[in-house]
Amino acid sequence: MSEPGTQVFLISGFLGSGKTSFLNHMLKDTPPDLKLLVLMNEFGEESIDGALVEDPELEMLEISKGSIFCACVKGDFIKALYQIAFVIKPEVLVIEASGVANPTDIGRDLFNPIYKGVYKTLEKVCVIDAANFLEQYEVFTALEKQVEAADNFIVNKTDLVDVPTIDSVKEVVLRHNPKAKFVETTYGRVSVADLISLPASSSSRLAKPADKSELLSDTALEEAVDRILEDEAAQVTPPDRLISITCRWHSGSVEDFRPIADKLPADVVRAKGFIIQDGRPYLYSHVGHSYDIEPFDGSRLLDRSVNRVVFIRREFQEDDIRSLFAEQGLNLV
Ligand SMILES: Nc1nc2c(ncn2[C@@H]2O[C@H](COP(=O)(O)OP(=O)(O)OP(=O)(O)O)[C@@H](O)[C@H]2O)c(=O)[nH]1
C-alpha cells in the first residue's frame with residue numbers, strides 16, 4: 001500500500017470576500033474522523049480569524065503579519081509545510097490564504113522536492129465577493145492573480161446583488177480564467193462535495209510522524225528556504241501596497257466605537273476585530289463601504305481583556321485613524 005499523503009485545499013479570495021465563512025461551513029461538512037489541519041494566513045499584524053473558526057477541537061496553525069506567498073513570511077510558510085508534511089501528517093490540509101495573497105506559486109512550493117511527494121494533490125477555490133468584486137478588481141492586482149490561479153469559484157454574497165451583476169462578475173472571471181467553474185451562494189454555504197473529493201477517512205491509514213533522524217537539520221531547512229526564496233521565477237513581491245494598523249483600547253462601548261467606523265478614511269478596504277462590552281464580545285466587520293457590529297458567540301478562546309481592531313488600508317499612514325479614537329475619548333494602548 002502506498003504511503004498516505006496529504007491533499008491540499010487552498011481557499012483564496014480578496015479581503016472580506018467570505019473565506020472564513022466558507023471555511024466554517026466546510027468544517028461542518030467534513031467527516032469528523034478525517035485528520036484535517038487548517039493553516040490560516042492573515043495579512044494583518046494580529047490574527048482575528050483564528051477566533052472566528054467555530055470548531056474548538058480543530059487543529060490549526062496561524063501565520064499572520066503578511067501573505068504566505070510574499071517574501072515577508074514565505075520562509076515561515078515553507079517551514080510550516082515541512083512540519084506539517086513530516087510531523088503532523090494530516091490527510092487534508094486546508095490553507096486559508098490572506099485576502100491580498102498572490103497564489104501563483106503555491107503549486108511549485110508544495111511540490112518542492114524537500115516535501116518528498118507528501119503533498120499529493122492541490123485544489124484551489126477562490127471566494128468572490130459578488131457585491132464588491134467589480135470595484136475591487138479595477139484597483140487590486142491580487143484579485144487578478146487569485147482569479148488566474150483558481151480552479152473553482154464561489155460567487156458569494158449573492159443576497160446583496162442582482163442577477164446582471166453576478167453575470168458581469170462571472171464574465172470578468174472567465175476573461176482571465178476560461179476554465180472557471182462557479183457555484184453561487186451566500187455566507188459560503190456550498191456543498192464541499194461539489195468542490196473537492198475528500199479521502200474516505202480511516203485512522204488506521206494515518207501516517208506516523210517521521211523519526212527526527214529522517215528530517216532535515218535546522219540549517220539544511222534554512223538553506224532550502226533560501227533557495228526557494230531566491231528562485232528568480234518566484235512571485236514574492238506583494239501585488240498590492242497595503243498596510244495593516246492594529247488599534248487596542250480598554251474602555252468604551254460599541255456605541256463609542258460606532259462613530260469611528262462611520263468616519264473611516266475611504267481607502268480602508270477591510271477592518272475587523274472585537275469590542276468587549278460588559279464582558280461580552282462583539283464582532284466588528286467592515287468590507288467595502290459597509291460594516292456590521294454583532295454579538296459574537298464564537299467558542300474559540302478569545303482575549304476579552306482588551307478591544308482590538310485591525311484596519312487594512314491603501315494609504316501608508318495611521319495618524320488619521322488614531323485621531324478618530326482620540327476624538328471619541330478612547331485611549332489606545
Ligand atoms: N450579506 C452577506 N454578508 C456576508 C456573506 N458572506 C460573508 N459575509 C460577511 O462578510 C464579512 C466577511 O466575511 P469573512 O468570511 O470573514 O471574509 P474573509 O474573506 O474571511 O475575510 P478576511 O479574512 O478578512 O479576508 C463578514 O461580516 C461576513 O458575515 C454573504 O453571503 N452575504
Side-chain angles (χ1 to χ4, degrees), residues 9-28 38-55 60 62-69 94-103 124-133 136 140 142-143 145-147 150 153-162 165-166 169 182-190 238-240 242-246 254 261 268-275 281-298 300 308-313:
F9 189 54
L10 174 75
I11 306 173
S12 67
F14 197 64
L15 295 163
S17 56
K19 298 179 291 298
T20 308
S21 306
F22 168 60
L23 175 67
N24 275 326
H25 180 75
M26 178 184 177
L27 293 173
K28 284 189 199 126
V38 171
L39 175 60
M40 277 266 185
N41 168 223
E42 278 205 76
F43 174 74
E45 179 190 329
E46 175 152 348
S47 166
I48 300 292
D49 280 359
L52 301 180
V53 174
E54 287 163 11
D55 182 351
M60 192 163 87
E62 295 184 65
I63 300 180
S64 302
K65 300 188 187 152
S67 161
I68 46 177
F69 306 125
V94 180
I95 303 174
E96 181 182 329
S98 89
V100 293
N102 171 3
K124 293 169 280 184
V125 66
C126 178
V127 183
I128 300 254
D129 177 342
N132 291 294
F133 177 82
Q136 292 164 339
F140 300 103
L143 260 101
K145 301 283 183 192
Q146 292 168 1
V147 165
F153 291 83
I154 296 174
V155 181
N156 193 38
K157 305 197 188 178
T158 53
D159 54 319
L160 300 178
V161 291
D162 54 15
T165 305
I166 296 174
V169 166
F182 301 98
V183 190
E184 293 172 25
T185 193
T186 56
Y187 294 94
R189 292 188 204 106
V190 176
D240 298 293
L242 289 164
I243 61 160
S244 116
I245 300 156
T246 303
V254 167
V268 173
V269 277
R270 175 82 168 118
K272 57 185 171 180
F274 296 101
I275 298 157
Y282 288 76
L283 174 64
Y284 160 61
S285 176
H286 204 132
V287 184
H289 308 291
S290 55
Y291 71 88
D292 290 315
I293 303 178
E294 287 172 347
F296 178 69
D297 297 316
R300 277 210 168 241
R308 60 200 170 108
V309 169
V310 175
F311 301 93
I312 298 176
R313 69 182 303 189

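Because only heavy atoms are used, hydrogens play no part in the values below, and waters and symmetry mates are left out as well, while side chains stay in. First listed ligand is number 1; within each ligand, the first listed atom is number 1.
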Return the CD to CG distance between Glu96 and Leu10, rounded to the nearest 0.5 Å.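 Rounded to the nearest 0.5 Å, the CD-CG separation comes to 9.5 Å.
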
Hey, could you give me the CG/NE2 distance between Asp292 and His286, rounded to the nearest 0.5 Å?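 Rounded to the nearest 0.5 Å, the CG-NE2 separation comes out at 10.0 Å.
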
Write out the residue and atom name of the closest protein heavy atom to [atom], then the distance separating them to 0.1 Å.
atom: atom 4 (C) of ligand 1; value: Tyr187 CE2, 3.3 Å
atom: atom 6 (N) of ligand 1; value: Asn156 ND2, 3.1 Å
atom: atom 16 (O) of ligand 1; value: Arg270 NH2, 3.3 Å
atom: atom 26 (C) of ligand 1; value: Ser285 OG, 3.4 Å
atom: atom 10 (O) of ligand 1; value: Lys157 NZ, 3.4 Å
atom: atom 7 (C) of ligand 1; value: Ser21 OG, 3.5 Å
atom: atom 23 (O) of ligand 1; value: Asp49 OD2, 2.9 Å
atom: atom 18 (P) of ligand 1; value: Lys19 N, 3.4 Å

Working for side-chain contact (heavy atoms from CB on, under 4.5 Å), residues Phe43 and Arg270: CA-CA 11 Å; Phe43 174 74; Arg270 175 82 168 118; over 6 Å; no

Determine the minimum heavy-atom distance between Ala130 and Val155, stating which atoms define it.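 What the structure gives for the nearest pair is CB-CG1, 3.9 Å.
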
Locate the shortest heavy-atom distance separating Val127 from Gly18; write the atom from each residue and the value.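 Answer, listing the atom of Val127 first, then Gly18: CG1-C, 3.9 Å.
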
Check ligand 1 against [X] and write out every atom of the ligand that is under 4.0 Å from a heavy-atom position of the residue.
X: Thr186; result: 31 (O)
X: Glu96; result: 20 (O), 23 (O)
X: Leu160; result: 1 (N)

Are any of the N/O atoms in [X] less than 3.5 Å from those in ligand 1?
X: Lys272; value: yes
X: Gly16; value: yes
X: Asp159; value: yes
X: Gly18; value: yes
X: Thr20; value: yes

Should Ser17 be listed as contacting ligand 1, given a heavy-atom distance under 4.0 Å as the test?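 It does; at least one heavy atom falls under 4.0 Å.
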
Taking [X] for its side chain and [Y] for its backbone only, find out whether a donor-acceptor pair lies under 3.5 Å.
X: Asn41; Y: Ile63; value: yes
X: Gln146; Y: Phe14; value: yes
X: Asp240; Y: Phe140; value: no

Given that the side chain starts at C-beta and the backbone is N, CA, C, O, which of these parts of Val127 lies under 4.0 Å from ligand 1, counting heavy atoms, or is it both or neither?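 Neither part.
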
Would you call the rings of Tyr291 and Tyr284 parallel, tilted or perpendicular, where under 30° means parallel and over 60° means perpendicular?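 Ring orientation, 0 to 90° scale: perpendicular.
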
Does any non-hydrogen side-chain atom of Val94 lie less than 4.5 Å from one of Leu27?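 A side-chain contact is absent here, since even the closest heavy-atom pair is not under 4.5 Å.
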
Can you confirm whether Leu283 sits close enough to Ile293 that some side-chain heavy atom of one is under 4.5 Å from a side-chain heavy atom of the other?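 No, every pair of side-chain atoms sits at 4.5 Å or beyond.
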
